[in-house]
A.B. asks: 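One structure, as structure tokens, below. Some questions next.
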Amino acid sequence: MNYNFREIEAKWQKYWAEKETFKSTNTSNKPKFYALSMFPYPSGAGLHVGHPLGYIAGDIYARFKRHKGFNVLHPMGYDSFGLPAEQYAIQTGQHPAITTETNINRYREQLDQLGFSFDWSREVRTSDPKYYKWTQWVFIQLFNSWYNKTSDKAEDIRTLISIFEKEGNGTIEASCDEDTPIFSAEDWMGFSEKTKQEILLKYRLTYLADTEVNWCPALGTVLANDEIVNGVSERGGHPVVRKKMTQWSMRITAYAQRLLDGLDTIDWPQPLKDSQTNWIGRSEGASVTFNVIPTEPSHSESHKIEVFTTRPDTIFGVSFMTLAPEHELVAKITTTGQKAEVGTYVEATAKRSERDRMADVKTISGVFTGAYAEHPFTKEPVPIWIGDYVLASYGTGAVMAVPCGDQRDYDFAKHYNIPIPNIFEGVDISEEAFADKANTIIANSDFLNRLSYKDAVSKAIAELEKLGQGEGKVNYRLRDAVFSRQRYWGEPFPVYYVDRMPQMIALEHLPLELPEVEKYLPTETGEPPLGNATDWAWDTEQSAVVSNQLINHTTVFPLELNTMPGWAGSSQYFNRYMDPHNDEAIYSEEAIGYWQDVDLYIGGSEHATGHLLYSRFWQKFLFDRGVAPKDEFARKLINQGMITGTSAFVYKDLDSKNIFSKGLKNGKNVIPIHADVSLVNASDELDIEGFKKWQPEYKDAEFILEDGKYIVGREIEKMSKSKYNVVNPDAICEEYGADSLRLYEMFLGPLEQSKPWNTAGITGVHSFLKKLWKLYTTVSDSEPNADNLKTLHKTIKKVEEDIENFSFNTSVSTFMICVNELTSQKCTSKSILAPLAILVSPYAPHIAEELWECLGHSESIANTPFPKFEEKYLVESTKEYPISFNGKLRFKLELPLDMGKDEIETVVMAHDKTKEQLQGREPKKVIVVPGKIVNIVG
RNA sequence: GCUCGAGUGGUGGAAUUGGUAGACACGUUGGACUUAAAAUCCAAUGGCCAUUGUGGCCGUGCGGGUUCAAGUCCCGCCUCGAGUACCA
């Protein structure tokens, strides 16, 4: 009987679904194991062979843990809000929900076909109102919380209000907006309700604030940095300006230090931790206040410029200051004489996006404001400049420029002929700045003279503190996360406005569902797409959504029209799987109390500074507020590598109708054109007729062959529809089966490494499965012999180690060796073949189930205990020790395994072969390592 | 520029704490079976040299070093990849 994988796979997929084999319970006396793979965005293109890599690895591990006696949670769902469905809606008018539903069904079909052990009863979809109700709920919790720096955690906003009532905000240590004014308890009690709300907004963990964005007036929307090319929009080429807009933000900066510290407690890949560390960008230094010298009568108001520096030791080297063009003081301190010039410069830089400015590092530009600040120690006037090398978004948007110690300041000073005082002992700064902290000795700096970097820093900070003009400070690169998007297909905010102040919709009225709109584009007046809804506003008396047209009615209030960004829905889904159908709470205490956190999370490294950072932030917040028991959501994380495509190219001659084969293109004026990989065979030979049919514009082209064949060029590229290099898993399953695909994806190389797909090699694992199948065609109750047992236990040991180390590729090799050995041993013993089926089952579950049934079992193999490794079957009476002499002559000697080191040495020296090799000479040294090699040095 | 990672046959990749480098697979070549093909099975396959035969030399990006012994450890380079980028 042949290995009929199509029949077998369909049979067991049906069996698992009907018997709910992988449904997990929230109570068990088994230990728990939560294995999670990142849920996908269901795109219209469906899955290609690269997508399942991480799912297969996660599934192998989950199935392995099940065999090991764990109660395994292995869920799957869809991150189903997102841009592509919305863009499709804009183009075609088809509702994104319909597109999404279609795509999900397609995904499900493809996933089912691969035989995953997902518990589908727990499926979540971020675009499902039942799910996003709880995304909205988390938002409300964030709104109702503030960050207490003293207790170092998020607390209920009411505790803040009661502090305000008792002592104002002068004593409180909290994460809040920079511009928060100081007030007393009396002040607070005297504030109007609106003022109180405005102040609280500066403390809430999600807040409304004016944020600089890339605004495209023609498109009526905010664009992300990567949607802008050369200062105009990627779509349509419309101008883009930097603009302040009122947006929701998340106060993730409150968690900067804890997000950094938490990295030490989790088993995540080092590169990923590094990129989060980088992203958070902690730097230690000082904040220094410079007083602006009033120069004109109109500048009667006194101004202070606060800067952040990591080099307070160089403060005597300051010869100018630079403000970012967007700095709020620019308009206030510029002298009348410089107004025109400054105005022109600020306008010019506003037209360039921040990314654009950053990309253009070489051009030095700036302008003098005409104003001066007073040096805190020397009291000398320091000219204040504006320069676009200073970024508004980092630090305070202003720097004290020390040209002798910082290359950018140095270049700026050289360019504008600003003096470059040298404050370093024995250093030449005529060519470039000196930034070597380790070899710094300060000079020309009053009380800092002769001090090292470290001593000078602490001395400078101490002196600044005495003056009240500075203090030691830790600065983070991390910015608060803008949470508003002018999109349709996202979670609506559970927010309405009374007197322009945001109010949260009560839990019993959630979810606030997305309204129907006719157009998915922004409104003519520049409001987000939700502004097109005619049937969507909150009526507090009726507690219902009513027509938008009633907005001016006294009891009806406008709703927030922005939607949440893509990462909102994915920031808590891993916990929701624990109790996905709960309508009363985000999840029950019992459920999260049992499952706690994710034990193994598998997904791509591209989420390092997005999803994986935001999720850690939300988790820490939910932990602070007592909603989650752990402050890190995933203890171990694995990044699977990307499977890239192998694109094929034909070479079209620009001057004729000729298309040259790869070997003939050199010296010709050709352009490469993508050819669909399905038209090319394993030897890179093109199906020319197929190509002409596929691209009719080349039907009259002349294909110039080499050796009678057209050979394509190959190149490794990201797998994508537009590169015609997509390999579809459905086709592979049809030809070789899901088990072959699963094994092959693992066999391709180390899980965490990127590697190109090459279908040709799949025959190797497929023929392994056929051999495996054949091994079970003759099964007997005969006793296994020593060789059989050795082979089996060798395999158990290796496979178990491999799975624990995520070296899935080498265990596929181990299986192949095992089957080859058992075949040549003519092993038929059931007591060998039964455990072998279990070993294989995490990798190739369908065939394993079938073999298990052939062996006479009626229950699924999925819950059978993993075979136990026993050392004794590997132990032999003698072991071969290779012996090398002078590193050149070698022979093998069989010695008892338990022989001691000295004993081995004696035996080796007495051995005829040794004597022969030594030819009467005395060895200088005999090195014996039991179980390893014996070296005799002559 | 900075940070991290990686360089091993024609290809993907193996190789515990330093201990017979190239497992396993693809590909290639030869053979068996077949009218033929497919499928299957067997053999060879890092390079060079020698050969009637056992064999010898060189080999893990490059140059040094430590060691009886280095793909693995140390120092100095080169190349490629990923991330990040005027971070004060």
Side-chain angles (χ1 to χ4, degrees), chain A residues 2 269-279 281-283 285 288 307-311 314 321-322 324 354-355 357-364 387-391 393-402 405-409 411-412 435 475-478 605-606 608-609 639 641-642 682-683 716 743-744 747-750 752-768 770-771 774 801 805 807 809-818 820 880-888 890-892 923-929 931-938:
Chain A
N2 286 328
Q270 196 55 43
L272 195 146
K273 286 186 181 184
D274 289 344
S275 76
Q276 290 207 349
T277 305
N278 246 316
W279 189 260
R282 178 191 158 102
S283 53
V288 184
V307 301
F308 174 76
T309 176
T310 53
R311 298 296 304 274
T314 63
M321 303 191 68
T322 315
E354 189 151 299
R355 165 175 269 226
R357 269 163 60 184
M358 289 191 287
D360 181 17
V361 179
K362 292 196 183 75
T363 320
I364 293 166
D388 68 358
Y389 78 96
V390 175
L391 302 176
S393 57
Y394 183 76
T396 59
V399 299
M400 59 175 225
V402 182
D406 183 287
Q407 195 56 45
R408 291 155 304 169
D409 296 344
D411 294 340
F412 194 87
N475 195 54
Y476 297 92
R477 200 192 80 121
L478 184 70
S605 58
E606 66 273 21
T609 53
N639 288 132
M642 194 171 44
S683 333
I716 307 296
L743 280 170
Y744 187 55
F747 184 71
L748 221 43
E752 304 191 62
Q753 194 175 299
S754 284
K755 54 237 160 197
W757 179 264
N758 172 17
T759 306
I762 200 170
T763 52
V765 292
H766 188 64
S767 70
F768 155 72
K770 284 194 271 192
K771 285 182 205 168
K774 207 173 159 199
E801 279 170 6
N805 296 325
S807 309
N809 54 330
T810 52
S811 43
V812 179
S813 297
T814 308
F815 288 136
M816 291 178 178
I817 295 166
C818 176
N820 283 341
E880 284 192 350
Y881 290 86
I883 298 187
S884 78
F885 172 75
N886 258 1
K888 288 182 180 179
R890 293 194 189 100
F891 60 94
K892 284 181 178 178
K924 281 184 188 159
K925 223 183 201 176
V926 179
I927 297 142
V928 181
V929 185
K932 292 281 168 67
I933 291 172
V934 184
N935 286 305
I936 306 164
V937 184

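Below, chain A is the first sequence line, B the second, and so on; all start at residue 1. The model shown is predicted, which means the values in this text are computed figures rather than measured ones.
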A.B. asks: Rounded to the nearest Å, what distance is computed from the CD atom of residue E752(A) to the P atom of nucleotide C4(B)?
C.D. replies: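 Atom-to-atom, E752(A) to C4(B), this comes out as 18 Å.
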
A.B. asks: Taking the same atom, C1', in U79(B) and in G65(B), what whole-Å distance lies between them?
C.D. replies: 23 Å

A.B. asks: Could you measure between the two C1' atoms, the one in C87(B) and the one in C80(B), and give it in whole Å?
C.D. replies: 28 Å

A.B. asks: Quick one: does V307(A)'s side chain get under 4.5 Å of M321(A)'s, heavy atoms only?
C.D. replies: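 In short, these two side chains touch, coming nearer than 4.5 Å.
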
A.B. asks: Between P on G5(B) and CG on L272(A), what's the gap in Å once rounded to a whole number?
C.D. replies: 14 Å

A.B. asks: Roughly how many Å apart are A25(B) and G9(B), using the C1' atom of each and rounding to a whole number?
C.D. replies: 14 Å

A.B. asks: Taking side chain to side chain donor-acceptor pair (under 3.5 Å) as the definition, give me every residue that meets it alongside S811(A), ordered by chain and number, with sequence neighbours left out.
C.D. replies: Y843(A)

A.B. asks: Please tell me if the side chains of R408(A) and V390(A) come closer than 4.5 Å, counting only heavy atoms from C-beta onward.
C.D. replies: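 No, side chains not in contact.
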
A.B. asks: OG1 of T322(A) to CG of D409(A): how many Å apart, nearest 0.5 Å?
C.D. replies: 6.0 Å

A.B. asks: Looking only at side-chain atoms of M816(A), point me to the closest of A88(B), C24(B), A85(B).
C.D. replies: C24(B)

A.B. asks: In whole Å, I'd like the distance from the CG atom of N278(A) to the P atom of A82(B).
C.D. replies: 17 Å

A.B. asks: Mind checking the P distance from C75(B) to U3(B)? Whole angstroms is fine.
C.D. replies: 15 Å

A.B. asks: Measure from the side-chain N and O atoms of D406(A) to the backbone N and O of V402(A), and report whether any donor-acceptor pair falls under 3.5 Å.
C.D. replies: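 A pair under 3.5 Å: no.
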
A.B. asks: Mind listing the closest non-hydrogen atom pair of G405(A) and A435(A) along with its distance?
C.D. replies: O-CB, 3.8 Å

A.B. asks: For N475(A), which residues count as a side chain to side chain donor-acceptor pair (under 3.5 Å) partner, sequence neighbours excluded?
C.D. replies: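 For N475(A) the side chain to side chain donor-acceptor pair (under 3.5 Å) partners, ignoring immediate neighbours, are Y394(A).
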
A.B. asks: Please report the distance, rounded to the nearest Å, between CD in Q270(A) and P in C4(B).
C.D. replies: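 Rounded to the whole Å, the gap is 9 Å.
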
A.B. asks: When rounded to the nearest 0.5 angstrom, what distance separates OG1 in T763(A) from OH in Y744(A)?
C.D. replies: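 Taking OG1 in T763(A) and OH in Y744(A), the distance rounds to 8.0 Å.
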
A.B. asks: How about N809(A) and S807(A): do any of their side-chain heavy atoms sit closer than 4.5 Å?
C.D. replies: yes

A.B. asks: Taking the P atom of each, how far is C68(B) from G1(B), in whole Å?
C.D. replies: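 Between the two P atoms, the distance is 41 Å.
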
A.B. asks: Report, one pair per line, the protein and nucleotides 38-46 of chain B atoms (nitrogen or oxygen only) whose separation is under 3.5 Å.
C.D. replies:
| from | atom 1 | to | atom 2 | distance (Å) |
| --- | --- | --- | --- | --- |
| U40(B) | OP1 | K770(A) | NZ | 3.2 |

A.B. asks: If I take atom CH2 in residue W279(A) and atom P in nucleotide A85(B), what distance separates them, rounded to the nearest angstrom?
C.D. replies: 6 Å

A.B. asks: Separation of D406(A) atom CG from G1(B) atom C1', in whole Å?
C.D. replies: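 It works out to 13 Å between those atoms.
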
A.B. asks: Using atom names, set out every protein N or O paired with an N or O of nucleotides 8-15 of chain B below 3.5 Å, distance rounded to 0.1 Å.
C.D. replies:
| from | atom 1 | to | atom 2 | distance (Å) |
| --- | --- | --- | --- | --- |
| G12(B) | O2' | L748(A) | O | 2.6 |
| G13(B) | OP1 | Q753(A) | NE2 | 2.6 |
| A14(B) | OP1 | N809(A) | ND2 | 3.1 |

A.B. asks: Is any side-chain N or O of R477(A) closer than 4.0 Å to OP1 or OP2 of U84(B)?
C.D. replies: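 Looking at the OP1 and OP2 atoms of U84(B), neither is under 4.0 Å from any side-chain N or O of R477(A).
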
A.B. asks: Who pairs with R282(A) by salt bridge (charged side-chain N to carboxylate O under 4.0 Å, His left out), at least two apart in sequence or on another chain?
C.D. replies: E284(A)

A.B. asks: Please state the C1' separation for the pair C73(B) and U60(B) - nearest whole angstrom.
C.D. replies: 16 Å

A.B. asks: What integer number of Å spans the P atoms of C24(B) and A14(B)?
C.D. replies: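 One P to the other, the span is 14 Å.
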
A.B. asks: Between K755(A) (side chain only) and P750(A) (backbone N and O only), is there a donor and an acceptor less than 3.5 Å apart?
C.D. replies: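 Looks like yes, one N/O pair under 3.5 Å.
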
A.B. asks: What is the glycosidic conformation of G9(B): syn, defined as within 90° of 0, or anti?
C.D. replies: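 Judged by the O4'-C1' to base torsion, G9(B) sits in syn, the angle falling within 90° of 0.
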
A.B. asks: If you find the nucleotide of RNA chain B closest to T309(A) and the one closest to G761(A), which residue's nucleotide is nearer the 5' end?
C.D. replies: G761(A)

A.B. asks: Say you draw a straight line from OG1 of T810(A) to CZ of F747(A); how long is it, rounded to the nearest 0.5 Å?
C.D. replies: 10.0 Å

A.B. asks: For RNA chain B, write out the stems as range with range, using runs of 3 or more consecutive Watson-Crick or G-U pairs with both distances under 3.5 Å.
C.D. replies: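 Runs of three or more consecutive pairs: B:1-7 with B:78-84, B:10-12 with B:24-26, B:27-32 with B:40-45, B:46-49 with B:55-58, B:61-65 with B:73-77.
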
A.B. asks: Got a second to check how far M400(A)'s CE is from R311(A)'s CZ, nearest 0.5 Å?
C.D. replies: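 So the gap between those two atoms works out to 9.0 Å.
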
A.B. asks: Can you tell me how far C1' of A88(B) sits from CG of L391(A), to the nearest Å?
C.D. replies: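 L391(A) atom CG is separated from A88(B) atom C1' by 9 Å.
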
A.B. asks: Nearest whole angstrom, please: distance from the C1' of G5(B) to the NZ of K273(A).
C.D. replies: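 Rounded to whole Å, this separation is 16 Å.
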
A.B. asks: For U20(B) versus U72(B), give the span between their P atoms, rounded off to a whole number of Å.
C.D. replies: 14 Å

